[in-house]
Amino acid sequence: LPALTLIPVCPNAAPALVALSYSWKTDYAGVLTPPVEIQQKAHAACIQREFERAFMTSISFEHDQATAVFSCSGAAF
């Protein structure tokens, strides 16, 4: 059998990064935004990855546990 050659869909695309997922305990789901500490952790992780900002891509709730997933955008320098 001939060998398969994989061609990237977008050859100039950056490699995929693991999503940044943070959870916190909450008893109030009326405000759909993570605590400032969580936002700061996500931002710091994006800066470490050489991006300018973090943005939340999803948020979920299960009982008293909230989980937000963040991604990064923008070139840091």
A.B. asks: Let me confirm one number: the OG-CD distance from S73 to E52, rounded to the nearest 0.5 Å.
C.D. replies: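 Here the interatomic distance stands at 7.5 Å.
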A.B. asks: Enter the distance from H43:NE2 to C72:SG here, rounded to the nearest 0.5 Å.
C.D. replies: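 Output value for this atom pair is 9.0 Å.
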A.B. asks: Hey, does T67 have a side-chain heavy atom less than 4.5 Å from the side chain of F61?
C.D. replies: no
A.B. asks: Kindly say whether P34 contributes a backbone atom to a donor-acceptor pair with the side chain of Q39 at under 3.5 angstrom?
C.D. replies: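 Yes.
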A.B. asks: Might you point out which heavy atoms bring I38 and S23 nearest each other, and give the distance in Å?
C.D. replies: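 Of all heavy-atom pairs spanning I38 and S23, the closest is CD1-O, 4.2 Å.
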A.B. asks: Which heavy atom of A42 sits nearest to which heavy atom of L20, and what is that distance?
C.D. replies: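 The pair with the smallest heavy-atom distance is O-CD1, 4.0 Å.
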A.B. asks: If every non-hydrogen atom of A68 is compared with every non-hydrogen atom of M56, which pair is closest and at what distance?
C.D. replies: CB-SD, 3.7 Å
A.B. asks: So if you build clusters from Ile, Leu, Val, Met, Phe, Trp, Tyr with side-chain heavy-atom gaps below 4.5 Å, do Y22 and F55 land together?
C.D. replies: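 No, because Y22 and F55 fall into different hydrophobic clusters, even though each may have its own neighbours under 4.5 Å.
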A.B. asks: Assigning hydrophobic clusters by single linkage (Ile, Leu, Val, Met, Phe, Trp, Tyr; side-chain heavy-atom cutoff under 4.5 Å), is F70 placed with I59?
C.D. replies: yes
A.B. asks: Is F51 reachable from V69 through a run of hydrophobic residues whose side-chain heavy atoms are each under 4.5 Å from the next?
C.D. replies: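 No.
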